[in-house]
Asks: 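Supplied in structure tokens, the structure appears directly below.
Residue numbering restarts at 1 for every chain, and letters A, B, ... go by the order of the sequence lines.
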2 protein chains.
Amino acid sequence: MTKGFDADCPATREILNRVGDKWSVLVIVILADGAKRFNDLKRSIGGISQRMLTLTLRGLEQDGLVKRTVYPTVPPRVDYELTPLGRTLLEPVTELAMWAQRHRPNVQNARAAFERAAKPPVPRRGT
Amino acid sequence: MTKGFDADCPATREILNRVGDKWSVLVIVILADGAKRFNDLKRSIGGISQRMLTLTLRGLEQDGLVKRTVYPTVPPRVDYELTPLGRTLLEPVTELAMWAQRHRPNVQNARAAFERAAKPPVPRRGT
DNA sequence: CGGTATCCGACTGGATACTG
DNA sequence: CAGTATCCAGTCGGATACCG
């Protein structure tokens, strides 16, 4: 089982590096709704710095996942939207997000148990 | 569309943090074949330091994705294996890995194009 | 509005040495 | 064998200031 794919191959490492960073997935998911302008995006995300939004968008653009469109109007206007390629990525990413939500209780649980196991497991009553 | 899930929710952020690190996915995929001992794992992976393997395994164990079994024999022996929870994670992760492989040419392509667009796009013949 | 440039602290991860 | 401890370079990412 699980034969037939390499998770260690460069391709996987590559996409994992992109998708595993702090903001990329978030941006992708927000752009799933349609094109957005830079500052709209920034507001939608909420905790991101201008610098990181720029870097994240550049990364996604570079990988062909996002398309950047500049309208040379007087206050400049730039739209970002998912490319078709970017939209296909949406599916495995959504899978992962759904896994996260379904199994979150398990994970939390495991973490609590792990923590309990680490500490001397609660002095019983007396001491 | 894509309503009905939050990629920004804490659960997703959490699992993305785990899965997005440098080694976790690799470990998970290797353990898909069955239990392995520490040094077997280390050899299977190839580029990992002892420290990082330990940290990665602790992280996975903490989240209930991997089970650690110590046999108190004279040279100590420790087995690591996926928990049922860990095995369920294998699926979305595999999806992502397959996406990476299917679309790698596109990504590579986009990167090349991006690079070309960045530099003054090739002086034509004369200069 | 949509960036770029700079600075800097925090965290990541490799190398190495030591331990039960 | 399976770690732990320490050190240290490199990267990530936030804050801030400035620019077209």
Asks: Of A:R51 and A:V70, whose nearest nucleotide on DNA chain C comes first from the 5' end?
Replies: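 In this pair, the answer is A:V70.
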Asks: Should the pair A:R111-B:D63 be classified as a salt bridge under the 4.0 Å nitrogen-to-oxygen rule?
Replies: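 Between B:D63 and A:R111 there is a salt bridge, with a charged N closer than 4.0 Å to a carboxylate O.
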Asks: Looking at B:D40 and B:K42, is any side-chain nitrogen of the basic one under 4.0 Å from a carboxylate oxygen of the acidic one?
Replies: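 No salt bridge links B:K42 with B:D40.
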Asks: Between D:dT4 atom P and B:L57 atom CG, what is the distance in whole Å?
Replies: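 For the pair B:L57 CG and D:dT4 P, the rounded distance is 11 Å.
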Asks: Does NZ or CZ of A:R51 come closer than 6.0 Å to the centre of the six-membered ring of A:W23, within 45° of the ring's axis?
Replies: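 No.
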Asks: Salt bridge check: are B:R104 and A:E14 linked by an N-O gap of less than 4.0 Å?
Replies: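 A salt bridge is present here (some side-chain N lies under 4.0 Å from a carboxylate O).
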Asks: What is the separation between atom NZ on B:K22 and atom C1' on D:dG10, rounded to the nearest whole Å?
Replies: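 Spelled out: NZ on B:K22 to C1' on D:dG10 is 11 Å.
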Asks: Would a single hydrophobic cluster contain both A:V74 and A:V70, if residues Ile, Leu, Val, Met, Phe, Trp and Tyr are joined by side-chain heavy-atom contacts under 4.5 Å?
Replies: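 No, separate clusters.
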Asks: First and last nucleotide of DNA chain C in contact with chain B, 5' to 3', at under 4.0 Å to a heavy atom: what are they?
Replies: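 For DNA chain C, the relevant span reads C:dG13 to C:dG20.
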Asks: Should A:K22 and A:T56 count as side-chain neighbours, where that means a heavy-atom distance under 4.5 Å?
Replies: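 The answer is no, as the side chains (C-beta and beyond) never meet within the 4.5 Å cut-off.
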Asks: Measure CG/A:L53 against P/D:dG14 and give the value in whole Å, please.
Replies: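 Distance check: A:L53 CG to D:dG14 P gives 11 Å.
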Asks: Between B:D79 and A:M52, which is nearer to the 5' end of DNA chain D once each is assigned its nearest nucleotide?
Replies: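 Its nearest nucleotide lies further toward 5', so the answer is B:D79.
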Asks: Could you tell me how far apart A:I48 (CD1) and D:dC12 (P) are, to the nearest whole angstrom?
Replies: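 Checked: the CD1 to P distance equals 14 Å.
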Asks: Hey, does the side chain of B:R68 come within less than 4.0 Å of D:dG3's phosphate (OP1/OP2), counting only N and O?
Replies: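 So the side chain of B:R68 is within the cut-off, an N or O lying under 4.0 Å from OP1 or OP2 of D:dG3.
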Asks: Hey, is CD on B:Q108 packed in by over 12 heavy atoms from elsewhere, all under 6.0 Å?
Replies: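 It does: B:Q108 CD has more than 12 such atoms within range.
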Asks: Figure out the CG/P separation between B:L55 and D:dA2, and round it to whole Å.
Replies: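 Nearest whole value for this atom pair: 17 Å.
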Asks: Roughly how many Å is it from CD in B:Q50 to P in D:dA5, rounded to a whole number?
Replies: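 After rounding, the reported distance stands at 13 Å.
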Asks: I need the NZ-P distance between B:K36 and D:dC1, as an integer number of Å.
Replies: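 These atoms are roughly 15 Å apart.
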Asks: How would you label the contact of B:K42 with the nucleic acid (heavy atoms, under 4.0 Å): base, sugar-phosphate, or nothing?
Replies: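 No contact at all - B:K42 keeps every heavy atom at 4.0 Å or more from the nucleic acid.
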Asks: Heavy atoms under 4.0 Å, any strand shown: does A:Y80 hit a base, just sugar-phosphate, or nothing?
Replies: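 Touches sugar-phosphate only.
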Asks: Taking atom C1' of D:dG3 as reference, at what distance in whole Å does atom CZ of B:R77 sit?
Replies: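 Roughly 16 Å, once rounded to whole Å.
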